[in-house]
Amino acid sequence: MTLLGVDVGTTGCKAVVLGEAGLPIATAYREYPLSVPRPGWAELDPDEVWEAVCATIREVTAVVPEPPRALAVATLGEAVTPIDAAGAALAPTIVSFDARSRGCHERLVAAVGSERITAICGLAPQPHYSVAKWCWIAEQMPEIYRRAATLACFGELVGVRLGLPPVIDHSMAARTLAFDVAAERWSPEILEAAGIDREKLPEPAPAGTPIGAVAPERARDLGLADGAVLVAGALDQVCAAYAAGIGAEPDGTAMLSLGTVAVLAGVVGAGSGAADAVPTVPYLAPGTRLAIAGSPAGGAVLRWYRDQFGAAEAVTTGPDIEGAFYEQITSAIADVETDMIALPHFAGSRTAFADSQATAALVGLTFATERRHVVRALLEGVALEAAVMAERLAGTGGSVMSWRATGGGSRSPVWMQIFADVLERPVESTASADASAVGAARIAGVATGAGGNLAGLPIVARLEPDASCSRRYRSKLERYRGLYHALAELR
């Protein structure tokens, strides 16, 4: 029996088919553009995303020995698309770090209260969560809101277009800032304050809940087995942690995910009060939660560098052009040192400084600065931001003794060594850019009875911190904090 996992991200989507051993036997990836129609806005074309999802699924199902009998979707958090009952998009997708709904967020917090929202949702209020985007659509696009059958994240959009009802898992529902995590339902108090009708929201269910059989014509079109079952997936970072082998109990190992965004995540008990330090969402085992410290700038900083300044280093041939480019520029800075400091706040700072208005900066340029110094500073900046996030994560309880790395960035020994040195803990690399899709496929397997022998992603390298480098980074971390605060005062 084969299983399909799909990971719908901010900049691209992946499809992975797992074989009998639970390891990938086919993978595919498609990138899509992010649109910035106005300053502070960020959108995706949902039809373009859907076309990429279909293309990746067809690519992997065309080469596997048998069609997948179950599938699940891992999705980026917070993104919102208003869709009609047939799944047609009524407006572009508003992605997580879009800032247009800040006013809606502020009015919601004023009406309900920050502490009350945290008590209901398990999350400290921040403006990027979905409920503010729902409110903005209702206020600024009233006709679109009226016509919308569902205010959907991508998991529900995919489900409806596969011929099934819109179902959102509890981890994704929690990231809307409108989900009562104790009662496992939408919060009437928050919805009333936001002016959102309950009937326009998907039905919440635990991750791993079978939703139903994919419509026969759609299954044939995508190369799925007749009667293939769609299972409720989860937030992409929940799926990645599951694939990386992060279990239901804290054991000293936490996840470092380095895809488009940078994330540190560790398991906490339901009553830990972790939301005071970092956001938490329901994890896969009952009564457990995953604390997720995140930054919008992970591998996205390299995509920005590639798009704006990387023409001289661009790789133009080969099956993995994007991966080859990133490998080329990261390996080239292995022996480079720089005193420059990069604040990677291209879309604000979340867990580290809780400042959605923060902007990026590169300090220390001289006439001797080369492109490779800039790349080194960007990689270090992401790691230094993660060091501040790690301090917040430590407040959730439990000591992190090692980090298990996933995401495209985990393929880079140079970047993983930087993280080991900055975090002063070993980093075990899975070298897998497909962890979220693998985790989604594993969820589908367990839900349909085929997941008992599915193994986690193998560890391919272990990077130990270098004491002398760690000492240097301690000093740089203090300068990093100081730079952030100095620039914040100038805004």
Side-chain angles (χ1 to χ4, degrees), residues 3 5 7 14 16-27 29 74 234 236-259 261-267 283-285 290-293 298-299 320 323 326-327 330-331 334 379 382-383 386-387 389-390 393 398-443 445-446 451-466 469-470:
L3 303 164
D7 173 21
K14 301 180 182 75
V16 172
V17 174
L18 302 187
E20 293 294 331
L23 296 176
I25 58 174
T27 64
Y29 174 77
D236 50 8
Q237 303 303 338
V238 168
C239 292
Y242 184 43
I246 306 300
E249 299 294 334
D251 63 357
T253 301
M255 181 183 71
L256 161 62
S257 176
L258 199 55
V261 302
V263 169
L264 307 180
V267 174
Y283 197 41
L284 300 175
L290 193 70
I292 302 175
D320 183 10
Y326 295 147
E327 180 180 357
T330 57
S331 61
L379 299 186
V382 174
M389 297 195 301
L393 192 64
S399 177
V400 175
M401 303 307 296
S402 66
W403 298 94
R404 190 159 299 158
T406 68
S410 71
R411 294 174 172 175
S412 169
V414 175
W415 210 354
M416 293 299 96
Q417 187 63 58
I418 290 172
F419 271 96
D421 294 339
V422 170
L423 298 174
E424 300 190 53
R425 294 289 187 274
V427 173
E428 298 174 331
S429 175
T430 65
S432 173
D434 308 319
S436 293
V438 170
R442 291 186 69 199
I443 289 172
V446 171
N453 62 344
L454 299 184
L457 290 167
I459 304 303
V460 300
R462 180 180 171 95
L463 292 306
E464 298 287 344
D466 179 278
C469 291
S470 292

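By convention here, the first residue in the shown sequence is residue 1. Scope of the values below: all heavy atoms of this structure, side chains included, with no hydrogens, waters or symmetry mates.
- In this structure, the side chain of Thr406 does not engage the main chain of Ser432 through any donor-acceptor pair within 3.5 Å.
- A distance-only check finds no donor-acceptor pair linking the side chain of Thr430 to the backbone of Ile459 [under 3.5 Å].
- In terms of heavy atoms, Val400 sits closest to Arg425 at O-NE, 2.9 Å.
- Smallest separation of non-hydrogen atoms from Leu457 and Ala435: CD1-CB, 3.7 Å.
- The shortest non-hydrogen separation linking Ser436 to Cys239 is O-CB, 3.3 Å.
- Formation of a donor-acceptor pair under 3.5 Å by the Asp421 side chain with backbone atoms of Asp466 is found in this model.
- The two residues Trp403 and Leu423 come nearest to each other via the heavy atoms NE1-CD1, 3.7 Å.
- Between the CD atom in Glu464 and the CD atom in Glu424 there is a gap of 13.0 Å [rounded to 0.5 Å].
- With Tyr242 as the aromatic partner, Arg442 meets the cation-pi criteria of under 6.0 angstrom to the ring centre and within 45 degrees of the ring axis.
- What you find for Gly409 and Trp415 is that their closest heavy atoms are CA-CE3, 4.2 Å.
- Across every non-hydrogen atom of Pro426 and Pro465, the tightest pair is N-CD, 3.8 Å.
- A distance of 9.5 Å separates CG in Leu379 from CE in Met416, rounded to the nearest 0.5 Å.
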- Task: In sequence, state the C-alpha distance, the side-chain angles, and the governing distance for Met255 and Arg404, and then conclude on side-chain contact (heavy atoms from CB on, under 4.5 Å).
- Result: CA-CA 5 Å; Met255 181 183 71; Arg404 190 159 299 158; 5.5 Å; no

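- Residues Val382 and Leu258 are in side-chain contact: their nearest non-hydrogen atoms beyond the backbone lie under 4.5 Å apart.
- Within the 4.5 Å cutoff, side-chain heavy atoms of Pro24 are placed close to those of Leu18.
- Under the 4.5 Å side-chain criterion, counting only non-hydrogen atoms from C-beta, Asp434 is not in contact with Asp7.
- The structure places CG of Leu264 at 6.5 Å from CG of Leu393, a figure rounded to the nearest 0.5 Å.
- We find the CG-CD1 distance between Leu463 and Ile418 to be 10.5 Å, quoted to the nearest 0.5 Å.
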